[in-house]
Amino acid sequence: MAKTPAPASSDASSQGTNSNDGSAAGKGRPTPTRAEQEAARKRPLVANTKEAKAQRKAEMAGARERARIGMAAGEEKYLPAKDRGPQRRFARDYADAGWHIGELVMPLMILVIVTMITPAQAVQQYAMIVLWGFVVLVIIDMVITGMRLKRAARRKFGDAKLERGLGWYGGMRTIQMRWMRLPKPQVRRGQYPS
């Protein structure tokens with residue numbers, strides 16, 4: 001049986017030096033003990049330096065700003081769970097494409113509050129009647145928008161896959177002023193999704 005020859009040992013390699021340039025072939029220092037390695041890795045969980053705190057604060061502010069911009073733009077990963085998914089996006093686009101009288105609720109309520117300050121009792125009563133009549137019209141508009149939205153979503157996604165509450169979601173979006181909606185409208189008025 002043939003034996004493999006043992007590697008030739010040289011005095012230069014056993015001394016830990018390279019014979020060509022005289023530099024150390026090894027690492028040139030003893031291996032640290034486990035306790036030394038663990039001590040080197042230890043650091044406080046909470047940074048205690050002003051620079052580290054300022055850096056962490058700046059990173060958190062940057063992350064919040066990215067999330068705010070992403071949510072306003074309608075990016076899925078930044079949206080809350082109630083706004084995620086293709087059907088919710090469809091509902092938002094459908095509601096944003098139309099003209100809705102519900103957008104005037106806030107300005108009208110401010111006007112009614114101002115009229116309540118006036119001392120004329122008749123003006124206050126007429127303002128309340130107008131407000132309640134307007135609220136009824138807004139509810140009717142919300143219901144009609146919700147029904148149309150569900151019909152369009154059934155055509156696009158199918159009746160079996162339709163999410164619950166889609167009509168309510170779109171209807172509630174119609175009573176917000178357009179510039180206050182989050183996520184921001186991604187379509188122009190009249191540009192209904194297909």
Side-chain angles (χ1 to χ4, degrees), residues 45-47 52-117 124-194:
L45 293 175
V46 179
K53 287 180 183 178
Q55 181 181 2
R56 191 176 73 238
K57 190 174 180 181
E59 288 172 358
M60 289 174 63
R64 277 194 306 270
E65 182 65 16
R66 281 192 304 277
R68 185 189 67 77
I69 292 170
M71 182 178 176
E75 293 181 33
E76 285 288 318
K77 70 178 183 177
Y78 296 113
L79 294 176
K82 70 178 183 70
D83 293 327
R84 288 188 186 152
Q87 292 188 26
R88 297 295 172 143
R89 177 178 292 277
F90 179 82
R92 285 194 303 271
D93 291 347
Y94 192 90
D96 293 339
W99 291 88
H100 303 284
I101 60 171
E103 297 176 38
L104 301 174
V105 167
M106 293 291 281
L108 184 67
M109 286 193 172
I110 292 171
L111 191 62
V112 168
I113 290 171
V114 169
T115 58
M116 289 296 157
I117 298 172
Q124 293 177 3
Q125 290 176 347
Y126 287 128
M128 287 305 292
I129 291 170
V130 167
L131 177 64
W132 283 110
F134 189 77
V135 167
V136 168
L137 291 175
V138 168
I139 291 171
I140 291 170
D141 181 50
M142 285 175 60
V143 169
I144 291 171
T145 302
M147 289 169 34
R148 287 180 180 168
L149 169 62
K150 285 198 283 189
R151 193 177 320 129
R154 276 192 193 98
R155 280 195 304 267
K156 181 170 177 124
F157 299 106
D159 196 21
K161 296 182 180 179
L162 194 66
E163 291 180 10
R164 290 186 56 187
L166 205 59
W168 177 257
Y169 179 78
M172 288 302 292
R173 192 162 170 92
T174 63
I175 63 171
Q176 298 172 340
M177 297 173 78
R178 188 175 170 88
W179 60 273
M180 292 179 69
R181 295 175 186 168
L182 275 178
K184 297 288 184 194
Q186 304 296 314
V187 295
R188 293 188 306 274
R189 293 197 193 266
Q191 186 183 354
Y192 287 93
S194 56

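The basis for the numbers below is simple: all heavy atoms, side chains too, and nothing from hydrogens, waters or symmetry mates. As the structure is a computational prediction, the values presented were derived from the model and not from experiment.
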Among Arg173, Arg89, Lys184, the one residue meeting salt bridge (Lys or Arg N to Asp or Glu O under 4.0 Å) with Asp96: Arg173

Intermediate values then yes/no, side-chain hydrogen bond (donor to acceptor under 3.5 Å, both in side chains), Arg148 and Tyr94: CA-CA 9 Å; Arg148 287 180 180 168; Tyr94 192 90; 5.3 Å; no

Main-chain N/O of Trp99 paired with Arg178 side-chain donor or acceptor, under 3.5 Å: no

Donor-acceptor contact present, side-chain Arg84 to main-chain Glu76, <3.5 Å: yes

Axial cation check for Tyr78 ring with Arg66, 6.0 Å and 45° limits: no

Closest approach of Ala91 to Leu166 (non-hydrogen atoms, all atoms of both residues): CB-CD1, 4.0 Å

Atom of Met109, atom of Leu131 and distance for their closest heavy-atom approach: CG-CD1, 4.1 Å

Backbone N/O of Asp159 and side chain of Arg154: donor-acceptor pair under 3.5 Å: no

Backbone of Glu163 reached by a side-chain donor or acceptor of Gln87 within 3.5 Å: yes

Flag, side chain of Arg181 to backbone of Gln176, donor-acceptor distance under 3.5 Å: yes

Candidate pair Asp93 and Tyr192, rule side-chain hydrogen bond (donor to acceptor under 3.5 Å, both in side chains), full reasoning: CA-CA 7 Å; Asp93 291 347; Tyr192 287 93; over 6 Å; no

Side-chain donor or acceptor of His100 paired with backbone N/O of Ile175 under 3.5 Å: no

Glu65/Arg68 salt bridge by N-O under 4.0 Å criterion: yes

Atom of Leu182, atom of Ala72 and distance for their closest heavy-atom approach: CD2-CA, 4.0 Å

